[in-house]
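Just below is one structure, and these are the notes that go with it.
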Amino acid sequence: MTISARGLLDGLLDPGSFVSWDRPPLAIGASDAYGTELRAAERRAGTDESVLTGEGLLRGRRVAVIACEFGFLAGSIGVAAAERIVAAVERATELGLPLLASPASGGTRMQEGTIAFVQMVKVAGAVAAHKAAGYPYLVYLRHPTMGGVFASWGSLGHITFAEPGALIGFLGPRVYEALYGRKFPDGVQTAENLYRSGVVDGVVSITVFRRIVHRVLNVVDSESVALDSAESLGAQSVSPLSAWESVLASRRPDRPGIRALLRRATDRVPLSGTGQGESDRTVVHALARLRGQPCVIFGHDRSGRDGENTMGPAALREARRSMHLAAELRLPLVLVIDTAGAALSREAEERGLAPEIARCLADLVTLDTPTISVLLGQGSGGGALALLPADRVLAATNGWLAPLPPEGASAIVHRDIAHAPNLATAQRISATDLLADGIVDRIVAEHPDAADEPTDFAHRMVAAIATELADLTRRPLPELRANRQARYRRLGLPATE
């Protein structure tokens, strides 16, 4: 059963807080038959159009809301409904309000034809302008969301969640059967399948979505908290280790990874997939606060790695989603490097692994938001390099960065893997060498190995990241961009007087 627009508003907003922004629907040249349909739809649905718009409070925070009413001509969008949506989006932008959109629609209103079809262009344009102004746009897809609605404002959210069991797709199953004479495959156009495929971030009830929105806004709307100098942990002296010893330590299966850092975060909102039909379980991304510092965090997940199942092109497209999300929401970006290397497979080659590495590098060097890269463990190959460029680069004592695993380098140079320890030293891959060479800015100590003190190490690393975030967010963006580009322009050149 489809949740009504008023049911959505009642479940999402604080009781009694909704204030409508709606004016009478725009008059259109409707035929007598269509006019009769509109009047009948109004009586059945109890609304004057297929969308309700307005503002309300969510846990005391002011938000704008757009909600489809499926009971009004299957929630279809014609000229009057589109004009109401655009007016609400523009008003939310003028007021600087986060915007929550909840479609439940069959798509374009067929009774109005092509002129209704092209309304999706102006709706998408208004949403894009709202996001470009730096305001959150959060989407909750209800049953059903189809056609042009899903292909426009239903798919533009900074985050997108869906109602359990919801039918969500582009081409309606009834249309498919009429056009092709066979049924559309079962189970494809479901919220759960789209989550598994990386199209939506999760499948949750309205009650849970309300909590998620609260956490998102806690991150996005929160000020960066001033940190006491005592928080600047991780500057302790670092015991010298050989590069090969660091490589071995980084490979311990019990070494803390990105999830250990996220467990120390607050207001975590896990995200999933690219939003474009891909998902890679070897990476993790989320909105979070680290010791009061809001950020988008993305990185390699050692717990999602299994043998040759290493990061592929989809993981890098997820990384680029996080980069763009951070820039749009005006949040700092934290990147966590901990990978045995990118996938070596036919599929990875054919789906554009190398071009995605290149795009990550280009995006990061020019990104319009503060950035921190954390060399948490293994830093092997292009999969590690893709997350490296940043305003600040931190490394754990046993973090390392190399073009290939030392065994791979040894196979190239010596045609065996026995020389791996020597090559690890010769290639200057250790954290201390990276610091000396200007690739890393700061080493966060392990005493003596993060796997032996996972909780204390995670606290130290989170504190170090938070300290750097607090410093970077005080700096003007043009200064950060210029310094970042100059940093990588100078890398490897001899020092000048």
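When reading the values below, keep in mind they use all heavy atoms of this one structure, side chains included, and skip hydrogens, waters and symmetry mates. Residues: numbered from 1 along the sequence shown.
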[Y] side chain reached by [X] side chain, heavy atoms, under 4.5 Å:
X	Y	answer
Glu318	Val283	yes
Val89	Ile66	yes
Thr369	Arg330	no
Leu316	Ile357	yes
Arg84	Pro25	yes
Ser105	Met146	no
Phe150	Ser155	yes
Glu69	Glu49	no

Looking at every non-hydrogen atom in both residues, tell me the closest pair between [X] and [Y] and how far apart they are.
X	Y	result
Ala315	Asp280	CB-OD2, 3.4 Å
Ile258	Val284	CD1-O, 4.1 Å
Pro136	Leu329	CA-CD2, 3.9 Å
Gly154	Thr160	O-CG2, 4.3 Å

Q | Residue among Arg289, Arg215, Arg291 satisfying salt bridge (charged side-chain N to carboxylate O under 4.0 Å, His left out) with Asp267 | A |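 Only one option passes, and that is Arg289.
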
Short N-O contact, [X] and [Y], less than 4.0 angstrom:
X	Y	answer
Arg210	Asp14	yes
Arg481	Asp391	no
Lys122	Glu90	no
Glu468	Arg442	yes
Asp441	Arg487	yes
Glu356	Arg359	yes

Q: Go through Arg259 and Asp301 one step at a time and tell me if the salt bridge (charged side-chain N to carboxylate O under 4.0 Å, His left out) criterion holds.
A: CA-CA 7 Å; Arg259 292 184 184 274; Asp301 179 17; 3.0 Å; yes

With distance as the sole test, does [X] use its side chain to make a donor-acceptor pair with the main-chain N or O of [Y] at under 3.5 Å?
X	Y	value
Arg321	His285	no
Gln119	Ile115	yes
Thr145	Leu141	no
Ser197	Gly277	no
His300	Gly383	yes
Arg351	Pro313	no
Asp338	Leu376	no
Arg142	Ser102	yes
Ser17	Leu13	no
Asp368	Ala327	no

Does [X] [atom1] have over 12 foreign heavy atoms under 6.0 Å away?
X	atom1	result
Leu491	CG	yes
Tyr195	OH	no
Arg23	CZ	no
Phe117	CZ	no

Just checking, any donor-acceptor pair under 3.5 angstrom between side chains of [X] and [Y]?
X	Y	answer
Asn218	Arg61	yes
Thr93	His130	yes
Thr53	Asp22	yes
Ser50	Arg109	yes

Q: Would you mind telling me which of Val139, Val123, Val127 makes a side-chain contact (heavy atoms from CB on, under 4.5 Å) with Leu156?
A: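 Only match with Leu156 under side-chain contact (heavy atoms from CB on, under 4.5 Å): Val127.
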
Q: Report the distance from atom CD1 of Ile3 to atom CG of Leu9, rounding to the nearest 0.5 Å.
A: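 Answer for the CD1-CG pair, Ile3 versus Leu9, is 11.5 Å.
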
Q | Inter-residue atom distance Leu388.CG - Cys360.SG, 0.5 Å rounding | A |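 One finds 12.0 Å between CG of Leu388 and SG of Cys360.
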
Q | Intermediate values then yes/no, side-chain contact (heavy atoms from CB on, under 4.5 Å), Arg281 and Ser272 | A | CA-CA 9 Å; Arg281 299 307 177 191; Ser272 178; 3.5 Å; yes

**Q.** is_close_aromatic(Phe161, Tyr140), centroid dist under 6.0 Å
**A.**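 Between Phe161 and Tyr140, the centre distance exceeds or equals 6.0 Å.
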
Q: Flag the pair His158 / Tyr137 as yes when their ring centroid distance falls below 6.0 Å, and as no otherwise.
A: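 Aromatic pair excluded; centres sit 6.0 Å or further apart.
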
(Q) Among residues at least two apart in sequence or on other chains, which ones pass side-chain hydrogen bond (donor to acceptor under 3.5 Å, both in side chains) with Glu163? (A)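 Scan of Glu163 (side-chain hydrogen bond (donor to acceptor under 3.5 Å, both in side chains), adjacent residues dropped) gives none.
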
Q) When you look at Ile465 and Val334, which way does the side-chain contact (heavy atoms from CB on, under 4.5 Å) test go after all the steps? A) CA-CA 8 Å; Ile465 295 169; Val334 177; 4.0 Å; yes

